[in-house]
J.: 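After the structure tokens below, expect a handful of questions from me.
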Amino acid sequence: MLAKPITSELGGVSPIIIVPSDWTKRDLRYQAEHVVTQRLHDGGYNCIAGQVVVVSTDWPQKKRSSPNSDGHLRSPLNAAVALAHDEFVGTLGANLIVDPKVIRQLGTGVLDAIARLRYGTIAINAWTGLGFLTATASWGALPGATVDNVQSGIGTVHNALLIDRPERTIVRGPFRPFPRSFAHGEFPLFPKPPWFVQARSAATAGRRLAGFAAGPSWLKMPAIFLAAFRA
């Protein structure tokens, strides 16, 4: 048995949980690109790549019968949490895609589900990979793993604020891109995030970001934002 304490970060079967509601065609297309990005970014080799999409069997876009009741919505959501815990290996990250109106409709229901999800990073309408890119956030598996049952690792990294014994990081993003989001009280910067695998200007934005990292200058920022906005 290993006697020396170690830290580690491993991958796992990261779920992408879709909470049912009535989506427009543009919502469906945008979120489809979002899911593809979570699965295939960096060729799918990321430790936090989405591996399984969890979809309700009676989602409106599948059977055209909208589950309007709060109880119905809470029941797909609770089932998805249970499925992630019972069937998927790993505790590194989970993704939740849910219309903001459903979040308001369920009140504390979504927060309760997040509290029950046993993952180190949970992203709401975003990809957990953004948690990794945020240096102030903690990154790692949910605390409690051992060498004998390591799951997605032991310990955390990043955590630039030096929070003592962090449990998890919650990442939030907009459900809709600019400018459609404004009508719904969300304020994203881009029509399409530049990290989406379908982003047309991703290579240009990446080169300019690399140049900024090599030689930081505020004068370089407009060109970076212009490339990102053209994604």
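Numbering of residues begins at 1 and proceeds along the displayed sequence.
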J.: Measure across G140 and L92 and return the closest heavy-atom pair with its distance rounded to 0.1 Å.
T.: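 For G140 versus L92, the nearest heavy atoms are C-CD1, 3.7 Å.
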J.: Report the C-alpha separation of W23 and F175 in whole Å, then their side-chain angles, then the decisive distance to 0.1 Å, and conclude whether the ring pair (Phe, Tyr, Trp, His ring centres under 6.0 Å) test is met.
T.: CA-CA 11 Å; W23 293 7; F175 181 75; 5.2 Å; yes
J.: Between Y119 and R168, is any pair of side-chain heavy atoms under 4.5 Å apart?
T.: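 Not touching, per the 4.5 Å side-chain cut-off.
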J.: Classify the ring geometry between F132 and W139 as parallel (under 30°), tilted (30 to 60°) or perpendicular (over 60°).
T.: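 Rings of F132 and W139: perpendicular, as their planes differ by over 60°.
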J.: Is K192 reaching over with its side chain to a backbone N or O of R200, donor-acceptor style, under 3.5 angstrom?
T.: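 It does not hold such a pair.
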J.: Examine F196 and I224 and state if one hydrophobic cluster contains both, with Ile, Leu, Val, Met, Phe, Trp and Tyr joined whenever side-chain heavy atoms are less than 4.5 Å apart.
T.: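 Unlinked, F196 and I224 end up in two clusters.
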J.: Please find the pair of heavy atoms, one from M221 and one from F212, that lie closest to each other, and give the distance.
T.: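 Minimum heavy-atom contact is SD-CE1, 3.6 Å.
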J.: Hey, can you tell me if F178 and F182 have their rings parallel, tilted or perpendicular (30° and 60° cut-offs)?
T.: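 Plane angle over 60°, so perpendicular.
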J.: Measuring from atom SG of C47 to atom CG of L10, what distance do you get when rounded to the nearest 0.5 angstrom?
T.: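 C47 SG to L10 CG: 9.0 Å, rounded to 0.5 Å.
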J.: Return the set of residues passing ring-ring contact (aromatic ring centres under 6.0 Å, His included) with Y45 (not counting sequence neighbours), or none when no residue passes.
T.: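 ring-ring contact (aromatic ring centres under 6.0 Å, His included) check on Y45 returns nothing, list empty.
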J.: Nearest 0.5 Å, what's the CD1-CG distance between I48 and D42?
T.: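 The distance works out to 13.0 Å.
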J.: Decide whether L77 and I170 are clustered together by the hydrophobic rule: side chain heavy atoms of Ile, Leu, Val, Met, Phe, Trp, Tyr closer than 4.5 Å, transitively.
T.: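 L77 and I170: one cluster.
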J.: Any side-chain to backbone donor/acceptor pair from N125 onto V98? Under 3.5 Å, distance only.
T.: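 Flag set: sc N125 to bb V98 pair under 3.5 Å.
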J.: Mark yes or no for whether S201, through its side chain, and A231, through its backbone, hold a donor-acceptor pair below 3.5 Å.
T.: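 Looks like yes, one N/O pair under 3.5 Å.
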J.: Specify the closest pair of heavy atoms between I97 and H34, including all atoms of both residues, with the distance to one decimal.
T.: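 Distance-wise, the nearest heavy atoms are CD1-ND1, 4.3 Å.
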J.: For the backbone of A123 and the side chain of T128, can you confirm whether one donor and one acceptor N or O come within less than 3.5 Å of each other?
T.: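 Pair absent, no side-chain N/O of T128 close to backbone of A123.
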J.: Under 3.5 Å, side chain of T108 to main-chain N/O of L111, donor-acceptor pair present?
T.: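 Between the backbone of L111 and the side chain of T108 there is no qualifying donor-acceptor contact (under 3.5 Å).
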J.: Is the shortest heavy-atom distance from the side chain of P191 to the side chain of Y30 under 4.5 Å?
T.: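 The answer is no; the side chains never approach within 4.5 Å.
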J.: Please answer: with hydrophobic residues joined when any side-chain heavy atoms are less than 4.5 Å apart, are W127 and I16 in the same cluster?
T.: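 Hydrophobic grouping puts W127 apart from I16.
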J.: Are any of the side-chain heavy atoms of L142 and Q151 separated by less than 4.5 Å?
T.: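 L142 vs Q151: side chains apart.
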J.: Ignoring hydrogens, what is the shortest heavy-atom contact between I154 and A145? Give both atom names and the distance.
T.: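 Of all heavy-atom pairs spanning I154 and A145, the closest is CG1-O, 3.9 Å.
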J.: Measure from the side-chain N and O atoms of R74 to the backbone N and O of L106, and report whether any donor-acceptor pair falls under 3.5 Å.
T.: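 Judged by distance alone, yes, a pair lies under 3.5 Å.
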J.: Working to the nearest 0.5 Å, report the span between CD1 of I18 and CG of N95.
T.: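 It is 9.0 Å, given to the nearest 0.5 Å.
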J.: Are T169 and S138 close enough, and set up right, to give a side chain to side chain donor-acceptor pair (under 3.5 Å), and what steps lead you there?
T.: CA-CA 6 Å; T169 292; S138 63; 3.1 Å; yes
J.: Indicate, with yes or no, if V110 and L117 share a hydrophobic cluster defined by side-chain heavy-atom contacts under 4.5 Å among Ile, Leu, Val, Met, Phe, Trp and Tyr.
T.: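 Per the 4.5 Å side-chain linkage, L117 and V110 are co-clustered.
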J.: Quick check for you: to the nearest 0.5 Å, what is the distance between I124 atom CD1 and I114 atom CD1?
T.: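 Result: 3.0 Å between the selected atoms.
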J.: Measuring from atom CZ of R172 to atom CD1 of I103, what distance do you get when rounded to the nearest 0.5 angstrom?
T.: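 It is 6.5 Å, given to the nearest 0.5 Å.
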J.: Do V19 and D99 come within less than 4.5 Å of each other through their side chains, counting heavy atoms only?
T.: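 A side-chain contact is absent here, since even the closest heavy-atom pair is not under 4.5 Å.
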J.: Strictly distance-based, threshold 3.5 Å: is any side-chain N or O of T37 a donor or acceptor partner for the main-chain N or O of V197?
T.: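 Yes: the side chain of T37 pairs with the backbone of V197.
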J.: For R116, I'd like to know if atom CZ has over 12 heavy atoms of other residues, nucleotides or ligands within 6.0 Å.
T.: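 Yes, the 6.0 Å shell around CZ holds more than 12 heavy atoms from other groups.
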J.: Any chance you could lay out the side chain to side chain contact (heavy atoms under 4.5 Å, CB included) test for V157 and E9, step after step, and finish with the verdict?
T.: CA-CA 9 Å; V157 294; E9 188 262 55; 5.9 Å; no
J.: Is there a donor-acceptor pair closer than 3.5 Å between any side-chain N or O of H41 and the backbone N or O of A49?
T.: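 Such a contact is absent between H41 side chain and A49 backbone.
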J.: Would the distance check show the side chain of R176 and the main-chain N or O of H184 forming a donor-acceptor pair, the cut-off being under 3.5 Å?
T.: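 No, the answer is negative, given that no donor and acceptor are paired below the 3.5 Å cut-off.
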J.: Please report the shortest heavy-atom distance between A199 and P194, naming the atom on each side.
T.: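 Shortest heavy-atom separation between A199 and P194 comes out as CB-O, 3.5 Å.
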J.: Compare every heavy atom of S21 with every heavy atom of W59, then report the nearest pair and how far apart it is.
T.: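 Taking W59 first and S21 second, the nearest heavy atoms are NE1-O, 3.3 Å.
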J.: When rounded to the nearest 0.5 angstrom, what is the spacing between CZ in R29 and OG1 in T24?
T.: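 Rounded to the nearest 0.5 Å, the CZ-OG1 separation comes out at 12.0 Å.
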J.: In the single-linkage hydrophobic clustering (I, L, V, M, F, W, Y; side-chain heavy atoms under 4.5 Å), do F225 and L133 co-cluster?
T.: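 Shared cluster, no.
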J.: Hey, is CZ on R39 packed in by over 12 heavy atoms from elsewhere, all under 6.0 Å?
T.: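 Yes, enclosed.
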J.: Distance-only, no hydrogens or angles: does the S152 side chain make a donor-acceptor pair with backbone N or O of G90 under 3.5 Å?
T.: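 No, S152 side chain to G90 backbone: no donor-acceptor pair under 3.5 Å.
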